[in-house]
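Okay, so here's the structure we're looking at.
Whatever order the structure lists ligands and atoms in, that order sets their numbers, starting from 1. Owing to the predicted nature of the structure, the values given are computational and were not obtained by experimental measurement.
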Amino acid sequence: MALEPFDAIDVIAAKRDGGAVPEPELRWFVDAFDRGVVTDAQMAAFAMSVRFNGMGRDEIRVLTSAIIDSGERMDLSGLGRPTVDKHSTGGVGDKITLPLAPLVASFGVAVPQLSGRGLGHTGGTLDKLESIPGWRAELTSAEIRERLRDNGAVVCAAGSGLAPADKRLYALRDVTGTVESIPLLASSIMSKKLAEGPDALVLDVKFGSGAFMTDPDLSRELAETMVSLGEDSGVRTVALLTDMSAPLGRTIGNANEVREAVEVLAGGGPADVVELTLALAREMLDLAGLPDADPAAALRDGRAMDAWRAMIRGQGGDPDAALPAPRESHTVRSERSGVLTGLDAKAFGVSAWRLGAGRSRPDDAVAHAAGIDLHRVVGDAVAAGDALFTLHADDAARFPRALASLEGAWRIDDAAAGGRPPRVAARIDANGFAPALSRPADTALPFPSGTE
Ligand code: URA
């Protein structure tokens, strides 16, 4: 057996004692983990040390680069279009990729969206699109390039060749209480995005009950870390901090979310889904060198819809086919009049998952017609007896547990407490943090005011 240049115990001890791990040692440690020389126990001890002691900016860059080097990098050069990727940290009712990718592609930008399937209470983009008859998530690298060259937008499964060390490291973090560590989260997310090789990247970093990182201050720190990491790796990166305390739009599930995305592409759809789609589209178009492009016009005049239809057809789907319909439905009505002032995103996400819209294990199947349609959203007036939301499932036996997770999950008050807050709370780029100008003072986040 070849002699290893470093010792895993020294690397772990350096991090355990609060020091920085030098670049050669850190690169070796990740590579040796990938080769099975550094054991799972050693990597878990290292992850816990990072969880407690953090990492410096340069260490995070090196860790990310070492994870990328464990696999292949996609080559998106020579497409004849700028490539701009988008990543969301995940939320409830987050169908934004569906209208956003074709919308931005309709301006001649290549948008590679290599996505995953949902696990737990946040849905997966591929699960949603697989509601469309014939649509295929698995594409070869050659097909991805062909779709990007011909149509601009592609949403497909990320192959196992991208950042394989992250897959093993994430599985270890999942069982050792080390998921919620900003350096580990940032390097995990960004290794996969940077391995795709985009020219630029826009991040949608959520906070609030339905988000991965519920605390706004921590989600801001995660966003700042990822923006620095992107920039340090030569990829222009912008993040929007967005509110995920209530579900996004009026649908949570799969087929119903596709329906809502198509409404947005047809120039309609819920105000918050349109707001976030346009905000992200403007950032992506700006990074693609098209600061004057008007994405709202492309939603109104059908260009985005044409790009959607081409994107779906290009992956075997029929954009005109009927979407799966639920076999069983159950509507919940309001017991009182007033104004809806809260809908807890996490509770609605868990409820949709219990209805069959999500999976508990990676190989579970999802029920494409299962989910929840919201008839009222935060800020709406409600009369006693009005339908608040409808649960859908393939089997009515799922309703009791789904309803149980919704106990105390919505709130109706006599008067609106501040109306409907905008989704976009702040923007972060290489120059720093800026609160969104449109956010009313009474919904302000606990962030320092003014631009830093
Ligand atoms: N998603 C990722 O890709 N990595 C994490 O660590 C958490 C969410």
Output field: ring centroids Phe46/Phe29 closer than 6.0 Å: yes
For Tyr170, the ligand 1 atoms whose distance to one of its heavy atoms is below 4.0 Å: 4 (N), 5 (C), 6 (O), 7 (C)
Trace of the salt bridge (Lys or Arg N to Asp or Glu O under 4.0 Å) decision for Arg427 with Glu283: CA-CA 10 Å; Arg427 178 182 186 278; Glu283 297 295 347; 2.8 Å; yes
Shortest non-hydrogen contact from Thr97 toward Val155: CG2-CG2, 4.2 Å
Trp410 and Phe389 aromatic ring geometry - parallel, tilted or perpendicular at 30°/60° bounds: perpendicular
Polar proximity ligand 1 side, Arg173 side, N/O cut 3.5 Å exclusive: yes
Lys86 side, atom NZ; Ile96 side, atom CD1 - distance, nearest 0.5 Å: 7.0 Å
Atom 8 (C) of ligand 1: the protein heavy-atom neighbour that sits closest, reported with distance to 0.1 Å: Phe212 CE2, 3.3 Å
Test of proximity, Lys192 against ligand 1: N or O pairs below 3.5 Å: yes
Nearest non-hydrogen protein atom, atom 1 (N) of ligand 1: Ile189 CG1, 4.0 Å
Within 45° cone and under 6.0 Å: Arg220 NZ/CZ vs Phe207 ring: no
Identity and distance of the protein heavy atom lying nearest atom 4 (N) of ligand 1: Ser188 OG, 2.6 Å
Close approach, Val179 and ligand 1, non-hydrogen under 4.0 angstrom: no
